[in-house]
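Chain letters run A, B, ... following the sequence lines, proteins first, then strands; residues in each count from 1. FYI, side chains are in, hydrogens and waters are out, and symmetry mates aren't considered; it's all heavy atoms of this structure.
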Amino acid sequence: MRVTKKIKQEQLAILERLYRGAKPELVFGNAFELLIAVILSAQCTDKRVNVTTARLFQKAATPEAILALGLAQLEEEIRDCGLFRNKAKNIMAACQMLCEQYGGEVPADFEALQSLPGVGRKTANVVMSVAFHQPAIAVDTHVFRIANRLKLATGKTPLEVEHGLQKAIPREKWSDAHHWLIWHGRKICKARKPLCTECPLAPVCPSSEPA
DNA sequence: ATCCCGAGGG
DNA sequence: CCCTCTGGAT
């Protein structure tokens, strides 16, 4: 199947219809809480992150408070999210930078966000999009896989796919489309055994395989 | 067994 | 570019 511009538009229309109103499952009250939640969400379910952050933010919900908590205590708080030593170290360093360079506030700036320890391109895009309502497409493992399978945007790296998606999707829908692709990846277009037979996009998907 | 909304280091 | 870090869910 050759995926023309027209087919891409059909793919997006179906995704929008399927996942309209999809939003992040992560619970947060402000940009800082979202930032921490997204860092914790790597290799961890959102539900688990929500349990952890509810407990954590009760004790420490600002960069200052988390610094005061100390590394060892933070590790204990976030242990069951996985990768906890790396995440704790990065969060501590990020909080220190937020306090020293950004007045204790999360900067609404992509480059500044990405310069924080533990914050890469994907996390910075999520924060810009969800907390600051800027058009952005965060390319995580799902978005990368689905975009390539649909040939909505192809590429060997998340950055290439991000740029491809920016061309294929109208700017005002970037943030929403990110969530459509996530949910499609979770529910149907799974990494190992995609459920092609029950996928509404099968007729417009070059990777769809019949049962 | 296999996957979960990654990032940093070698 | 590949490796490592990690517990929980299914």
Open item on the list: Could you tell me how far C:dT10 sits from B:dC5 if I compare only their P atoms? Round to whole Å.
Closed with: 12 Å

Task: Separation of the P atoms in C:dT6 and B:dG10, to the nearest angstrom - done: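 So the two P atoms sit 15 Å from each other.
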
In whole angstroms, how far is the [atom2] atom of [N] from the [atom1] atom of [X]?
X: A:Phe144; N: B:dG6; atom1: CZ; atom2: C1'; answer: 13 Å
X: A:Lys193; N: B:dA1; atom1: NZ; atom2: C1'; answer: 12 Å
X: A:Arg48; N: B:dC4; atom1: CZ; atom2: P; answer: 17 Å
X: A:Lys190; N: C:dT10; atom1: NZ; atom2: C1'; answer: 9 Å
X: A:Lys122; N: B:dG6; atom1: NZ; atom2: C1'; answer: 7 Å
X: A:Leu40; N: C:dG8; atom1: CG; atom2: P; answer: 14 Å
X: A:Leu35; N: B:dC5; atom1: CG; atom2: P; answer: 18 Å
X: A:Gln114; N: B:dG6; atom1: CD; atom2: P; answer: 15 Å

Taking the side chain of [X] as heavy atoms from C-beta outward, which of [options] is closest to it?
X: A:Thr123; options: B:dC4, B:dA7, B:dC5; value: B:dA7
X: A:Thr141; options: C:dA9, B:dG6, B:dC5; value: B:dG6
X: A:Ser41; options: B:dC5, C:dG8, B:dG6; value: B:dC5
X: A:Asn86; options: C:dC5, C:dG7, B:dC4; value: C:dC5
X: A:His179; options: B:dC5, B:dG6, C:dG8; value: B:dC5
X: A:Asn90; options: B:dG6, B:dC4, B:dG8; value: B:dG8
X: A:Asp80; options: C:dG7, B:dC5, C:dT6; value: C:dG7
X: A:Cys44; options: C:dT6, C:dG7, C:dG8; value: C:dG7

Task: Residue mapping more 5' on DNA chain B - nearest nucleotide basis, A:Glu25 or A:Pro117 - done: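 The residue closer to the strand's 5' end, by nearest nucleotide, is A:Glu25.
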
Task: Approximate separation, where rounding is to 0.5 Å, of A:Ile188 CD1 and A:Trp183 CH2 - done: 12.5 Å

Open item on the list: Does atom CD (A:Glu10) have a neighbourhood of more than 12 heavy atoms from anything else shown, all under 6.0 Å?
Closed with: yes

Open item on the list: So A:Leu26 and A:Val126, do their side chains get closer than 4.5 Å, heavy atoms only?
Closed with: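 Counting from C-beta outward, A:Val126 and A:Leu26 never come under 4.5 Å.
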
TODO: Determine whether A:Leu18 and A:Leu201 make a side-chain contact, defined as any pair of heavy atoms from C-beta on separated by less than 4.5 Å.
DONE: yes

Task: A:His179 and A:Tyr19: side chain donor to acceptor below 3.5 Å - done: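 There is no such pair (donor and acceptor under 3.5 Å, judged by atom type) between the side chains of A:His179 and A:Tyr19.
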
- [ ] Check every strand shown and say whether A:Val38 touches a base, only sugar-phosphate, or nothing at a heavy-atom separation below 4.0 Å.
- [x] nothing

Open item on the list: Regarding A:Arg186, tell me which of base, sugar-phosphate or nothing describes its non-hydrogen contacts under 4.0 Å with the strands shown.
Closed with: base

- [ ] Taking only the side-chain nitrogens and oxygens of A:Arg85, find out if one of them lies under 4.0 Å from OP1 or OP2 of C:dT6.
- [x] yes

Task: Heavy-atom closest contact (A:Ile137 atom, A:Trp174 atom, distance) - done: CG1-CB, 3.5 Å

